[in-house]
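A short write-up of the structure that comes next.
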Amino acid sequence: MTAAVARPGSDFFFRRPGLLTLIFLLPPLLWIGIVYLGSLFALLLQSFYSLDEFSGLVLHEFTLSTYGHLLEYSNFAILLRTVLMAAAVTIASAILAFPIAYYAARYARGWSKALFYLAVMMPLWSSYLVKVYAWKLILAKEGIVTWVANQLYLGWLLDAVLALPTVGGPSLSISYIGTFIVFVYIWLPYMILPTQAALERVPKTLIEASADLGATPGQTFRTVILPLALPGIVAGSIFTFSLTLGDYIIPQIIGNSRPFIGSTVYALQGTAGDIPLAAAFTVVPIVIMGIYLVVARRMGAFDAL
Amino acid sequence: MQNAVSFQHVSRHFGAVRAVDDVSLDIAEGEFFAMLGPSGSGKTTCLRLIAGFEQPTSGHIEIFGTTAEGLPPYRRNVNTVFQDYALFPHMTVGENVAYGLMIRGVARAEREAQAIEALKMVKLDGFQTRRPSQLSGGQRQRVALARALVNKPRVLLLDEPLGALDLKLREQMQDELKALQKQLGITFIFVTHDQGEALSMANRVAIFNEGKIVQAGAPSDVYERPRSRFVADFVGSANVLTPDFNARHGGEKTWASLRPEKIRLALPKEKLPTGWTSATGLVTSVSYQGAVTRIVITSEGNRIAAMVPARDLTTSEGDTLTFAWPRSAAVAMEDA
């Protein structure tokens, strides 16, 4: 034995593989356990306190009255508005993302695949705020959308859309339609990528087998491709739905300035100083996402995983 | 009898690659037909042309007298057992088998009954509620078979159906497939690179090389009388005798094939029966293979393998050995 150099450390861990795993996992476990779950728990706790209306101080006593405030008309309208917006953004993202993801997974090869990744990822490289303000200019009454519509003699169509009750407004940048467009733009990559990953994992022979067994392309799409892509679409919808539920910047910059959950939390914890109500508002998206996941699981969205 | 499948000068090119190159072929109804060849020889592309996953670049294909070009897979009365089985992971075994029936709009109760019947045929009854991921490779293979057969196709295509199974299971499935084909009487066309599988299962074999059929015929015909050096070598690794060697030992001055099992060992001055001939050479390797021993002898520049019963063996490497074979066993063939 001449070549063997003593490596007591390596030998020690070789005999105790579990210990090495533990050492590697300890920092992330501490992070998740204390920093992440701990703060989440603190948040949850806050939502069961209430604000003393006279002193403006937080009463550290357990009560459900803060949650009761959520059901008041103005607060409930915020919840409803946000959930409807998130649902609309998610559905639109799924519909827009699917053909792009399908093309990338099935047909794009070599340079066209590289181009796809570049096109999907590049918007994520630039600042979120810059993009939102850019959209403000694009959608403004003096912006390029109005200009193009007028050049195409479609100004009347834009006016008709803006004249719609509730969703319309004086211009796209000051309407729910504008908020919706920007939300879809900002979150679309988060829908495309998981959908594309799910479609990529569908073997070509499954599609051939379906055709071989007599299914037309439409039937194959409904019975094989869509069910197998569903976990990806659900994963994407978790992103688009929860990101829209929590966003507080876009509704402040683009739209009719009516509050969403995010902007309400921002206002409550800042100027209003009502931490318990802010916490209660924050709990709502968590509960909605929990219910959503359970329903998706019941419907078999994860069967193909 | 009507032809189940007919190829007339069919070619399929992928850019510069001639995957299938001017193939003409008739497969009769009820035949168990094997397409045998090394990988990339065009046999799988031929199968895909019949299934409809590929369209010919030129030529004409008929399935039961109907023109197949331009007909999509879902309009053909042909079903395929895929090499990787291609079972739908999000459906149960029963739903997989009933898939073709569901597509055709067969009522639920009826298709479930038929699926159970098909699963019985492949000895998997009671598995309908399981998921494909819960099955072994051999079981998945049977499900794939049941899923194809439940549609009562007129032609069943099998793409390397036994490739992923271990030896014992493979032999068992060979017997079962043969019995099933006899019982159902439908045309089976299967692709394989395993010559033993092709010879033991098929009524007729076509040997593919570089996109062309180099020989077609009954298994015994192809095995006993290979027409070219490629076939001799690919189907059961026959010895290839050079024209000179063949001429010196009672044959014509052409290339010839000689099956290793036709050779027996002889004594140096032994009087051979009429019609026999012998040669002497140096033993270069001896390998024990259970029932037989394979001896490789170098004689007059030819490398000749002989399969002899193990009990005959009293030789080892470096010995000089005389071996004999009937002249009729050396079959003349083209130089290719």
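Quick note: numbers below take in every heavy atom, side chains included, and nothing from hydrogens, waters or symmetry partners. Per chain, numbering begins at 1; letters A, B, ... match sequence-line order.
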* Can you name the residues of residues 95-105 of chain B that have some heavy atom under 4.5 Å away from a heavy atom in chain A? -> Y99(B), G100(B), M102(B), I103(B)

* Asked: How about residues 47-65 of chain B versus chain A: which residues have heavy atoms under 4.5 Å apart?
  ->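 Heavy-atom contacts from residues 47-65 of chain B to chain A are R48(B), A51(B), F53(B).
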
For residues 177-196 of chain A, run the donor-acceptor check on the side chains, cut-off 3.5 Å, and write out each pair with its distance to 0.1 Å, sequence neighbours left out.
from	atom 1	to	atom 2	distance (Å)
T179(A)	OG1	S175(A)	O	3.1
T179(A)	OG1	I254(A)	O	3.1
W187(A)	NE1	T244(A)	OG1	3.3
T195(A)	OG1	M191(A)	O	2.7
Q196(A)	OE1	Y117(A)	OH	3.4
Q196(A)	NE2	Y117(A)	OH	3.1
Q196(A)	NE2	E200(A)	OE1	3.2

* Selection from N151(B), L157(B), V150(B), L87(B) maximising heavy-atom pairs under 4.5 Å formed with chain A ->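 Looking at each of N151(B), L157(B), V150(B), L87(B) in turn, L87(B) comes out on top.
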
* Could you walk me through whether E176(B) and K123(B) pass the salt bridge (charged side-chain N to carboxylate O under 4.0 Å, His left out) test, one step at a time? => CA-CA 10 Å; E176(B) 282 182 30; K123(B) 299 176 184 126; 3.8 Å; yes

Can you give the donor-acceptor pairs under 3.5 Å from side chains of residues 103-112 of chain A to other protein atoms, not counting sequence neighbours?
from	atom 1	to	atom 2	distance (Å)
R106(A)	NH2	V202(A)	O	2.8
S112(A)	OG	R109(A)	N	3.1
S112(A)	OG	R109(A)	O	2.9

How far does [atom1] of [X] sit from [atom2] of [Y], to the nearest 0.5 angstrom?
X: R130(B); Y: Q128(B); atom1: CZ; atom2: CD; result: 10.0 Å
X: Q83(B); Y: T205(A); atom1: CD; atom2: OG1; result: 9.5 Å
X: H13(B); Y: D21(B); atom1: NE2; atom2: CG; result: 5.0 Å

* Parallel, tilted or perpendicular: which describes the rings of F188(B) and F32(B), with under 30° parallel and over 60° perpendicular? -> tilted

* Determine the sole option in L169(B), L167(B), L177(B) for which the side-chain contact (heavy atoms from CB on, under 4.5 Å) test with L162(B) is passed. =>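 Filter result, single survivor: L177(B).
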
* Residues R147(B), Y85(B); criterion side-chain hydrogen bond (donor to acceptor under 3.5 Å, both in side chains); working and verdict -> CA-CA 10 Å; R147(B) 183 177 70 172; Y85(B) 317 137; over 6 Å; no

* Under 4.5 Å from any heavy atom of chain A - which part of N79(B) ->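 N79(B) touches chain A through backbone and side-chain heavy atoms alike.
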
* Does any donor atom in the side chain of E197(B) or T192(B) lie under 3.5 Å from an acceptor atom in the other side chain? ->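 Yes, side-chain donor-acceptor contact under 3.5 Å.
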
